[in-house]
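To keep things clear, I will list the structure first and then write my remarks on it.
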Amino acid sequence: MPDQSKSSFLEELRWRGFLEAATSDNLDGFLNVATRTMYVGFDPSADSLHLGSLIPVMALAHAQRHGHRPLVLVGGGTGLIGDPSGKSAERNLLTEDTTKENALAIRRQLSRFFDLASDDRGLMLNNADWLCSLNLLEFLRDIGKHFSVNEMIKRDSVRTRLEERDHGISYTEFSYMLLQAYDFLHLSRHWDCTIQMGGSDQWGNILSGRELIRRIDGKISEGITFPLLTTSTGRKFGKTEEGAVWLDAKRTSPYQMYQYWLQTADADVVRYLKLFTFLGQEAIAELETDVLERPNERKGQKVLAAECTGVVHGKDAVESVEAASRILFGQWDATPSPDVVATLAREVPSSRIPRPELETGVPTIDALVKTGLAESKSAARKLIDAGGVYLNNIRVTADRKTITSADVVWPNAMLLRAGKKNYHLVLVG
RNA sequence: GGACAGGUGGCCGAGCGGCUAAUGGCAACAGACUGUAAAUCUGUCGCUCUCCGGAGCUACGGAGGUUCGAAUCCUCCCCUGUCCA
């Protein structure tokens, strides 16, 4: 990892578009003086991060590259309470054991972005370790005393909840900001953590923590918030129709992740290159020109997809995924080698069908449902009617086609497709 | 605890005894055009079956009831919001 000066960290965040707001105008000076420890909180409700968490992850990675110490705070304690407004029953049932397991999985993923091997390079803590043993009376007396309800209810996040018709706010949720402020205080005391970063919705919480530290310990700490990312079409970044794009290959295959990045809109691609790759300013400027002058080549998207998928899943995975994509979206290969089929089988969603079943014939509709390309039989029927189903790249027409062994044109495999880009490889045998 | 207002399909939001699988908008999906974009146009959008004409089943917070017939009326319950000397 390149060793750059500490002060340029902020500059890097700035040109890459990470900076939404900062608590001080003189953060440069603050960062210049020493190696700073800076933390971001992560939610351990799943055993994997998804692309929505990528901005803070990248920010922490840049921090380490600039000589600072990233601190990952897993919200194991706050996760036990859960967000009362969230309807997800799952979240409230989180046990301490699950959050610990999840934290381990998340740690593995983060290690691909920055070094967590030694405490002085970067570290990961779980707030369950100090929140669970809190004593209510002591907490109210020592911490609660520093919070003015008058100010708390002025918070945007609280006020909208108070004013909105159908959402109230429970006492538990209202107290959440105290806990997060307390986290910051704890980290400041025990790990010399002086900076908290987070999404722009965290601004208020960050300020609370900063204020608490100032009042109780008389120390100065700072905060940085990141912009809320939306796609140019207004959709939430990192989500597809199927849900979040996860970093875990078991949840979202490298192929799917690669495809997600590849489908980035022209209007977003440069912004994403800055935020989600480690490419330098010149390299990105070059790609920007490419996107402007030859948008149809989608070079920016290709680099973005390769870089991002590469960090998470490794270079080999990228090569394999690119090969698969070439076959599916490039020239149709009527007689691929078994190698090519194997590559596809690794990257594209696939399933297996026994040859005897094919001898009797499988209705296309059933195949669509079984492969998950259609949600129900009637959906599959409608899909065929609309002309959106392809077997081995040939449109399946409305007649009731049965798939038989005669359709196995590839070595022990058939390619089923719904729409333009939903492929499913059916392996035979 | 009381008074009032609400709970309709992924979301918003109409309907307020039969013509309602439920207007409209958004989202989503497919097709055309393209660059595996965007915009636009067309179609689809509860489930199952279909000779593609349609047929059956399940749905309007939950459970009962009135009625030939209920998302619509009644009773009880649950949930949400607003207000309360």
Side-chain angles (χ1 to χ4, degrees), chain A residues 84-89 92 158-171 173-174 230-237 239-245 253 255-273 287-288 290-306 309 321-332 344 347-349 363-366 368-369 371-391 393-401 415-424:
Chain A
S85 75
K87 309 283 180 276
S88 119
N92 292 331
V158 176
R159 210 180 41 211
T160 53
R161 296 286 292 277
L162 288 173
E163 285 167 1
E164 251 178 59
R165 286 202 162 267
D166 14 293
H167 302 288
I169 182 162
S170 73
Y171 185 74
E173 201 173 345
F174 188 55
T230 46
T231 67
S232 56
T233 47
R235 195 190 280 178
K236 216 171 180 184
F237 166 78
K239 294 250 161 125
T240 66
E241 314 75 55
E242 287 87 40
V245 179
S253 72
Y255 170 80
Q256 283 165 325
M257 177 185 279
Y258 180 89
Q259 287 291 321
Y260 178 82
W261 288 117
L262 194 67
Q263 285 162 28
T264 301
D266 295 356
D268 295 324
V269 70
V270 173
R271 200 157 43 108
Y272 289 4
L273 281 165
L287 287 168
E288 186 165 13
D290 281 318
V291 172
L292 273 172
E293 291 174 1
R294 292 173 296 280
N296 56 312
E297 283 177 17
R298 291 177 306 134
K299 200 164 168 203
Q301 280 90 337
K302 282 176 188 165
V303 172
L304 177 70
T309 313
V321 161
E322 280 174 334
S325 299
R326 263 195 304 276
I327 297 160
L328 297 178
F329 295 102
Q331 195 65 47
W332 170 252
L344 284 178
E347 300 303 337
V348 177
T364 312
I365 288 170
D366 291 350
L368 285 168
V369 176
T371 53
L373 288 174
E375 269 183 23
S376 68
K377 284 189 177 185
S378 38
R381 243 184 286 270
K382 282 162 189 163
L383 199 61
I384 293 177
D385 279 349
V389 175
Y390 306 79
L391 180 62
N393 236 27
I394 296 162
R395 179 174 284 170
V396 175
T397 44
D399 66 326
R400 241 170 309 149
K401 163 121 181 113
L415 194 66
L416 202 55
R417 188 177 119 208
K420 258 182 191 127
K421 41 203 174 194
N422 303 311
Y423 284 99
H424 191 100

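Letters go in sequence order (proteins before strands), and every chain restarts at 1.
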Completion exercise
Pairing string of RNA chain B (Watson-Crick or G-U wobble, both atom distances under 3.5 Å; | = paired to other strand) is ((((((((.[[[..)..(.....]]].(((((.......))))).((((....))))...[[[[[..)....]]]]]))))))).

Problem - S376(A) side chain near rG46(B) phosphate (N/O to OP1/OP2, under 4.0 Å) - result: no

Exercise for the section: Taking atom C1' in both rC79(B) and rA63(B), compute the distance separating them and give it to the nearest angstrom. Expected result: 15 Å

Handout entry: Which residues share a side chain to side chain contact (heavy atoms under 4.5 Å, CB included) with V270(A), sequence neighbours left out
Key = K274(A), I284(A), E288(A)

Practice task
Using the C1' atom on both, measure rG9(B) against rU67(B) and round to a whole Å.
Solution key: 27 Å

Exercise for the section: Using a 4.0 Å heavy-atom cut-off, write out nucleotides 30-35 of chain B from 5' to 3' as B (base contacted by protein), S (sugar-phosphate only) or - (no contact). Expected result: SSSBBB

Problem - Span that lies between the P atom of rG81(B) and that of rU8(B), in whole angstrom - result: 15 Å

Fill in the blank from the handout: By side chain to side chain contact (heavy atoms under 4.5 Å, CB included), T371(A) pairs with (sequence neighbours left out) S351(A), L373(A), L416(A), H424(A), V426(A)

Exercise for the section: Decide yes or no for V269(A) and L287(A): does some side-chain heavy atom of the first lie under 4.5 Å from some side-chain heavy atom of the second? Expected result: no

Practice task
Could you tell me which residues satisfy side-chain hydrogen bond (donor to acceptor under 3.5 Å, both in side chains) with D366(A), sequence neighbours excluded, listed by chain and number?
Solution key: none

Practice task
Considering only atom C1', compute the distance from rU72(B) to rA55(B) and round it to an integer number of Å.
Solution key: 27 Å

Exercise for the section: Name all residues meeting the salt bridge (charged side-chain N to carboxylate O under 4.0 Å, His left out) criterion together with K299(A); count only those two or more places apart in sequence or in a different chain, and write none if there are none. Expected result: D290(A)

Problem - K401(A) vs I384(A) side-chain heavy atoms within contact, under 4.5 Å - result: no

Problem - Length of the line joining E375(A):CD and rC29(B):C1', which is rounded to integer Å - result: 10 Å

Handout entry: All side chain to side chain contact (heavy atoms under 4.5 Å, CB included) counterparts of L383(A), not counting sequence neighbours
Key = V389(A), A418(A)

Practice task
Take atom CG of D366(A) and atom C1' of rU48(B), then tell me their distance rounded to the nearest Å.
Solution key: 13 Å

Exercise for the section: Give the rounded distance in Å between these two atoms: CD of Q263(A) and P of rA38(B). Expected result: 9 Å

Handout entry: rA5(B) to rC73(B) separation - P atoms, rounded to the nearest Å
Key = 13 Å

Handout entry: Phosphate-side-chain proximity, K377(A) and rC49(B), N/O vs OP1/OP2 below 4.0 Å
Key = yes

Completion exercise
In short, side-chain hydrogen bond (donor to acceptor under 3.5 Å, both in side chains) pairs touching residues 378-390 of chain A with sequence neighbours left out are S376(A)-S378(A), Y390(A)-R395(A)

Handout entry: Results of ring-ring contact (aromatic ring centres under 6.0 Å, His included) for Y255(A) - residues two or more places apart only
Key = none

Problem - Separation of the C1' atoms in rG65(B) and rC57(B), to the nearest angstrom - result: 24 Å

Problem - side chain to side chain contact (heavy atoms under 4.5 Å, CB included) partners of A380(A), counting only residues at least two apart - result: I365(A), L368(A), V369(A), A374(A)

Handout entry: Spacing of CD belonging to Q259(A) relative to CZ belonging to F329(A), to within rounding of 0.5 Å
Key = 4.5 Å

Exercise for the section: Could you tell me which residues satisfy salt bridge (charged side-chain N to carboxylate O under 4.0 Å, His left out) with E375(A), sequence neighbours excluded, listed by chain and number? Expected result: none

Exercise for the section: Taking syn as within 90° of 0 and anti otherwise, name the glycosidic form of rG53(B). Expected result: syn

Fill in the blank from the handout: Rounded to whole Å, the CG-P distance (L262(A) to rA38(B)) equals 12 Å

Completion exercise
Reading nucleotides 50-59 of chain B from 5' to 3' and marking B where a protein heavy atom lies under 4.0 Å of the base, S where only the sugar-phosphate is that close, and - otherwise, the string is BS--------

